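These notes are about the structure you will find just below.
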Amino acid sequence: MCELLAMSANTPTDIRFSITGLVERGGRTAQHGDGWGIGFYEGRQCRLFHDPVSSSESEVAHFVRDCSIKSEIVISHIRKANRGKVCLANTHPFMRELWGRSCVFAHNGQLKGIKRWPPRHYRPIGTTDSEHAFCWLLGEIRERFPRMPARPGPLRQFVADRCAEVSELGAFNILFSDARDLYVHCTSKLCWITRRAPFGEARLRDAEVVVDFGQETTPNDIVTVIATEPLTTNEEWTWMARRSLLVFREGLPVAEIDTR
């Protein structure tokens, strides 16, 4: 299966440490060699990088890993293809516009029968069940909320309800953002960690890299990282409950909804 990575922070933050570990799983420490992508939010807009080759060999991945691109919301994905050929159009994350904002989506899992669900307003470019599910989900949101709701509660519940529907078709581990919130839905396996003062040292699982976050941050920084598997060996990660939706804003979980 694919692997997911995301970050939510209260200030523009460099995610190179986590990316250094993730890209090793794309063909080196794990068998996820069918493409790689990442999106960095800058306000309402998201900057995307894609490459349909293994992340451990990708020049795009190496470029991103070596650049200090700071963002408050990041979504990344390394692919192990099961449906849809290996090509740029099938490489996550996917992006569409809603309410004058970039909405970004990445998925881990298989959804049997999702392509029988006609999407409203949006059409897939590639052939994956993941992109079809994204187009369907975003179309449902646009139909229910023609304008971005001022209060986030109804939107969060609506997303949770739609995730519950899709989960009946199979594994629906997703990262989704509307440039305001980061939505994380788990049906099988996702974990997260929040780093805040006092910051300590972290050691990557997939590369011989250690960082002292106390030297890289300020006392006010709050950063949450979400991943399919823990990225570090010396920190305590929290496993998400299955069939649940977590919503993060500015580095903190602000809502948890049961989708069973």
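Values in this document were obtained by computation on a predicted structure and should not be read as measured data.
Side chains of Ser244 and His185: no donor on one and acceptor on the other come within 3.5 Å. At a cut-off of 3.5 Å, with distance as the only test, no side-chain donor of Trp36 or Ser56 sits close to an acceptor on the other residue. A donor atom on one side chain and an acceptor atom on the other are not found under 3.5 Å apart for Thr13 and Asp221.
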Task: Stepwise side-chain contact (heavy atoms from CB on, under 4.5 Å) test for His132 and Ser130 - done: CA-CA 5 Å; His132 191 100; Ser130 302; over 6 Å; no
- [ ] Evaluate side-chain hydrogen bond (donor to acceptor under 3.5 Å, both in side chains) for Ser68 paired with Asp14, printing each intermediate quantity in order.
- [x] CA-CA 6 Å; Ser68 181; Asp14 187 332; 3.0 Å; yes
TODO: Take Thr232 and Asn234 through the side-chain contact (heavy atoms from CB on, under 4.5 Å) test and state the conclusion after the steps.
DONE: CA-CA 6 Å; Thr232 57; Asn234 64 326; 4.1 Å; yes
Open item on the list: Using the rule given for side-chain contact (heavy atoms from CB on, under 4.5 Å), can you reason through His77 versus Leu5, listing the C-alpha separation, both sets of side-chain angles and the distance that settles it, and then say yes or no?
Closed with: CA-CA 6 Å; His77 179 277; Leu5 171 68; over 6 Å; no
Open item on the list: side-chain contact (heavy atoms from CB on, under 4.5 Å) for Arg196 and Val223? Distances and angles first, verdict last.
Closed with: CA-CA 7 Å; Arg196 59 194 308 176; Val223 181; over 6 Å; no
Open item on the list: Using salt bridge (charged side-chain N to carboxylate O under 4.0 Å, His left out), reason through Arg25 and Asp206 one step at a time and then give a plain yes or no.
Closed with: CA-CA 7 Å; Arg25 297 180 180 180; Asp206 298 272; 2.7 Å; yes
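Between Asp258 and Arg243 there is no salt bridge, since no side-chain nitrogen of the basic residue lies less than 4.0 Å from a carboxylate oxygen of the acidic one. A salt bridge links Asp181 with Arg249: at least one charged nitrogen is closer than 4.0 Å to a carboxylate oxygen. Between Glu216 and Arg16, none of the side-chain N atoms (NZ, or NE/NH1/NH2) sits under 4.0 Å from a carboxylate O, so this pair counts as no salt bridge. One finds a salt bridge joining Arg195 and Glu235 here, because a Lys/Arg side-chain nitrogen approaches an Asp/Glu carboxylate oxygen to under 4.0 Å. Between Glu3 and Arg79, none of the side-chain N atoms (NZ, or NE/NH1/NH2) sits under 4.0 Å from a carboxylate O, so this pair counts as no salt bridge.
Scanning all heavy atoms of the two residues, the minimum distance from Ser55 to Ala61 falls at O-CB, 3.4 Å. The nearest pair of heavy atoms linking Gly251 to Ile222 is O-CG2, 3.6 Å. Shown here for Ser188 and Arg242, the closest heavy-atom pair between the two residues is O-NE, 3.1 Å. Closest approach of Phe172 and Ala133 over heavy atoms only: CE1-CB, 4.1 Å. Cys2 and Asn108 make their closest contact through O-ND2, 3.1 Å (heavy atoms, listed as atom of the first residue, atom of the second, distance). Pairing each heavy atom of Ala179 with each of Gly43, the nearest pair is CB-O, 3.7 Å.
Trp117 is listed as a side-chain neighbour of Leu169, based on a closest heavy-atom distance under 4.5 Å. Using a 4.5 Å heavy-atom threshold, the side chains of Glu201 and Val210 count as touching. Counting heavy atoms from C-beta outward, Ile69 and Phe49 have side chains that approach closer than 4.5 Å. Counting only heavy atoms from C-beta outward, the side chains of His92 and Ile78 never approach each other to under 4.5 Å. The shortest side-chain heavy-atom distance between Leu4 and Asn173 falls under the 4.5 Å cut-off. Side chains of Asn220 and Thr11 form no contact here, defined as non-hydrogen atoms less than 4.5 Å apart. Side-chain contact between Phe145 and Leu155: present, with at least one pair of heavy atoms (C-beta onward) separated by less than 4.5 Å. Using a 4.5 Å cut-off on side-chain heavy atoms (C-beta onward), Pro149 and Arg151 make no contact.
Between the OG atom of Ser167 and the CD1 atom of Ile174 there is a distance of 8.0 Å, given to the nearest 0.5 Å. Atom CD1 of Ile75 sits about 9.0 Å away from atom CD1 of Ile226, to the nearest 0.5 Å. To the nearest 0.5 Å, atom CZ of residue Arg96 and atom SG of residue Cys135 are 4.0 Å apart. Here the straight-line distance linking atom CD of Glu165 with atom CD1 of Ile114 works out to 9.5 Å at 0.5 Å rounding. The line from CD of Glu131 to CZ of Phe105 is 10.0 Å long, rounded to the nearest 0.5 Å. With rounding to the nearest 0.5 Å, the separation of OG in Ser71 from CZ in Arg47 is 9.0 Å.
For the pair Glu97 (side chain) and Gly100 (backbone), a donor-acceptor distance under 3.5 Å is present. Side-chain N or O atoms of Thr194 include none that pairs as donor or acceptor with a backbone N or O of Thr224 at under 3.5 Å. Ser76 contributes a side-chain N or O that, together with a main-chain N or O of Gly37, makes up a donor-acceptor pair within less than 3.5 Å. Judged by distance alone, with hydrogens and angles left aside, the side-chain atoms of Lys70 form no donor-acceptor pair with the main-chain N or O of Ile15 at under 3.5 Å.
Geometrically, Arg142 engages Tyr122 in a cation-pi contact, judged by NZ or CZ lying under 6.0 Å from the ring centre and within 45° of the ring axis.
Both Val225 and Ile38 are part of a single hydrophobic cluster, where members link through side-chain heavy atoms under 4.5 Å apart. Two different hydrophobic clusters hold Ile73 and Trp99 under the rule that ILVMFWY side chains link at heavy-atom gaps under 4.5 Å. Each of Val74 and Met240 belongs to its own hydrophobic cluster when Ile, Leu, Val, Met, Phe, Trp and Tyr are linked at side-chain heavy-atom distances under 4.5 angstrom. By the criterion of side-chain heavy atoms lying less than 4.5 angstrom apart, applied directly or through intervening Ile, Leu, Val, Met, Phe, Trp or Tyr residues, Leu245 is grouped together with Leu111 in one hydrophobic cluster. Cluster membership check: Tyr41 shares its hydrophobic cluster with Leu48, using side-chain heavy-atom separations under 4.5 Å among Ile, Leu, Val, Met, Phe, Trp and Tyr.
Of the candidates Trp192, Tyr183, Phe176, Trp192 is the only one forming a ring-ring contact (aromatic ring centres under 6.0 Å, His included) with Phe248. Considering His121, Arg162, Arg120 as possible partners of Glu140, the one that fulfils the side-chain hydrogen bond (donor to acceptor under 3.5 Å, both in side chains) test is Arg120.
Residues His107 and Phe134 keep their aromatic ring centres 6.0 Å or farther apart.
Around CZ of Arg101, the count of heavy atoms belonging to other residues, nucleotides or ligands within 6.0 Å exceeds 12. Heavy-atom neighbours of Arg123 CZ from other residues, nucleotides or ligands within 6.0 Å: above the threshold of 12.
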